2 protein chains.
Amino acid sequence: MRKQPRQKRSREMVKALVEATGQCIQRHGLDDTTTARIAEQAGVSVGSLYQYFGDKDALIAALLDRLAEDIAAGLRRLPLMAVTDLGEMVHRSIRFGFSVLRSRDGLYLELVRNWHRLPTNRVVDLLQQHFMELSRLYFLRHYRDYPIENLEVRVFIVTNSVLFTMVRHVSQGDLIDEEELARELTRMVAGYLGQPPQGDPP
Amino acid sequence: MRKQPRQKRSREMVKALVEATGQCIQRHGLDDTTTARIAEQAGVSVGSLYQYFGDKDALIAALLDRLAEDIAAGLRRLPLMAVTDLGEMVHRSIRFGFSVLRSRDGLYLELVRNWHRLPTNRVVDLLQQHFMELSRLYFLRHYRDYPIENLEVRVFIVTNSVLFTMVRHVSQGDLIDEEELARELTRMVAGYLGQPPQGDPP
DNA sequence: CCTTAATGCGAATATCTATTCGCGTTCAAT
DNA sequence: ATTGAACGCGAATAGATATTCGCATTAAGG
C-alpha cells in the first residue's frame, strides 16, 4: 500500500475500492476489469485509487488477501475433526467447496479460472495446509498402524482434482447433476485416501 | 478464414502464421502474443495476416484446430485397448498426458492454463469422447456383470482431475517427483474406476 | 509479352488503459 | 479561526494493440 490512510473517510475508501474490485471482476471478468471501472464502482476517482495502491496489481492482491481471510474463517467454522467417517469428512469438504465457488455471484470462480496470472499462492497454500493438517490428524487417529508417508502428494492431488473439477463443472452449463458429482468426487477421494500406502491392505 | 489462399506461396504463409502463433504463445505467453509479433515471427507483415484471418481469434482457433488433430493422432497411436490391466491402461494414459504437456516447450501448458478464454471446446470434447469410448469398451469387456451406468460422470471427473493436477504440477517448480505423482494419480483413478457402481463389491 | 487479379506490405488509424500531476477541498491540531 | 498536512479529483499523458487501406509486387492465363 502506497500510503497509510489516516482519516476515517479514506480508510472506508480503501475498503470500498477492494470491494469494488471484486464486483468488477465478478461482473465483467478479470480481463475487462479496468482501473476506471473500479474507481467508478467504488464511487471515487482514479486518482484516489493510486493514493493508496501502487498499481492495479496491488489492488487485486489486497482483494485476494481479504478473500483468503474469509476462506480461512469459513474453514475454521467447519467442524470436520468431529467427524469420524472419512467419506463424510470428504463429502462435507466438497460441499463447502461448492458453496464457496457459488458464493459472491461467481467471483471465486473467475479468480480460480485465472489462478495462473494472479498472486494466488497465499490462498493455495492456505487450502493445501489446511487439508494437510486435517488429514494428518485424521490418519494419526484412525490409521495408526500404517502411517501414510506420502500424505503431501496425496493432498496435492486431491485438492487440485476436486477444485478444478468443480470449476469446470460450474463453468459449463449444469450438464451433470451437482449432487451426483459431489457424491462421485467423494467416492473417488475417500477411496483413494483410505488406500494403504503401497501394496495390499493389512 | 477470410479468403482462400489460391497460390502455393500464400498457402505456406497461412501455415507459417499458425505455427508462429504457437511459437509466440509458447515464448511470451498468451497475453503478450500480439499480431505484430506473430507476423514478425512468421516473416510476413501484419497486413498479410488479415488477408486470410478475419481477426486474431481466428488465428488462434486455427492453431487449436491443428493441435487437436495432433492430439487425436497421438491418441490413435496409443494401443491402449490391447492392455488388460486397468491400472496399466490408466498409467499409460497419464504418461502420455505428461509427454503432451511437456512437448512444444510448454505451449500446451499455456493453452490449458488459459482454457477458459480460448475456443477449447473441440479439444476438450475430443479428450472426453476418446476416454469415454475407451472406458466403455474396457468395461464391456471386463465387468460385464455390473455395468457402470454413470460412466460419463466418472470420465468427466477423472479427465479433469488428471489434466489440471498435471498442469498445476508442471506450473510449479518440480516440488514433487513426477514419477511418484504419476503413480499416485494412477492409484487414485484406477481405484475409482474399478469401484462397483453404488454399494459393496459383488 | 501483357493484362488482370491475387498477393503482400507497413505506415496510419482508432481505441483502450494504466498511471501521473497540479489544483482545489477537507480535516485536525493548535 | 488558522494553517499545514492529508485527501480527493479527473483531465492529460504515455504506451500498447488490433485492424484498415492505398499502393507496390507477383503470379498466371491468353
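Computed over heavy atoms, backbone and side chain alike; hydrogens, waters and symmetry mates excluded. A note on names: the letters A, B, ... follow the listed sequences, proteins ahead of strands, and every chain is numbered from 1. Keep in mind that this is a model prediction, so the values were computed, not measured.
- Annotation: side chain to side chain donor-acceptor pair (under 3.5 Å) contacts of Glu179(A) (sequence neighbours excluded): Arg95(A).
- For Glu88(A), the side chain to side chain contact (heavy atoms under 4.5 Å, CB included) partners two or more places apart in sequence, or in a different chain, are Val83(A), Asp85(A), Arg92(A).
- Close to dT19(D), at under 4.0 Å from its OP1 or OP2, lies a side-chain N or O of Tyr50(B).
- Computed from coordinates, the Asp55(A) CG to dA14(D) P distance equals 20 Å when rounded to whole Å.
- Atom C1' of nucleotide dA28(D) and atom NZ of Lys8(B) are separated by 14 Å, given to the nearest angstrom.
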Study note, to complete from the structure: Readout for nucleotides 3-16 of chain C: B = base within 4.0 Å of protein heavy atom, S = sugar-phosphate only, - = neither; 5' to 3' it is ----SBBBB-----

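- dG8(D) atom C1' lies 17 Å from atom CD of Glu40(A), rounded to whole Å.
- In this structure, CD1 of Ile60(A) is placed 13 Å from C1' of dT17(C), rounded to the nearest angstrom.
- The distance from atom NE2 of His28(B) to atom P of dT17(D) is 11 Å, rounded to the nearest whole Å.
- Separation of the Trp115(B) and Phe164(A) ring centroids does not fall under the 6.0 Å cut-off.
- Shown here are the salt bridge (Lys or Arg N to Asp or Glu O under 4.0 Å) partners of Asp105(B), two or more places apart in sequence or in another chain: there are none.
- Following rounding to the nearest Å, Lys56(A) (NZ) and dT17(C) (P) show an atom-to-atom distance of 9 Å.
- Listed by chain and residue number, His142(A) satisfy the ring pair (Phe, Tyr, Trp, His ring centres under 6.0 Å) test with Tyr138(A) (two or more places apart in sequence, or in another chain).
- Taking the nucleotide of DNA chain D with the nearest heavy atom to each of Arg2(B) and Asp32(B), the more 5' of the two is matched to Asp32(B).
- For Ala62(A), the side chain to side chain contact (heavy atoms under 4.5 Å, CB included) partners are Val18(A), Phe53(A), not counting sequence neighbours.
- Remark: P of dG10(D) and CZ of Arg37(A) are 19 Å apart, rounded to the nearest angstrom.
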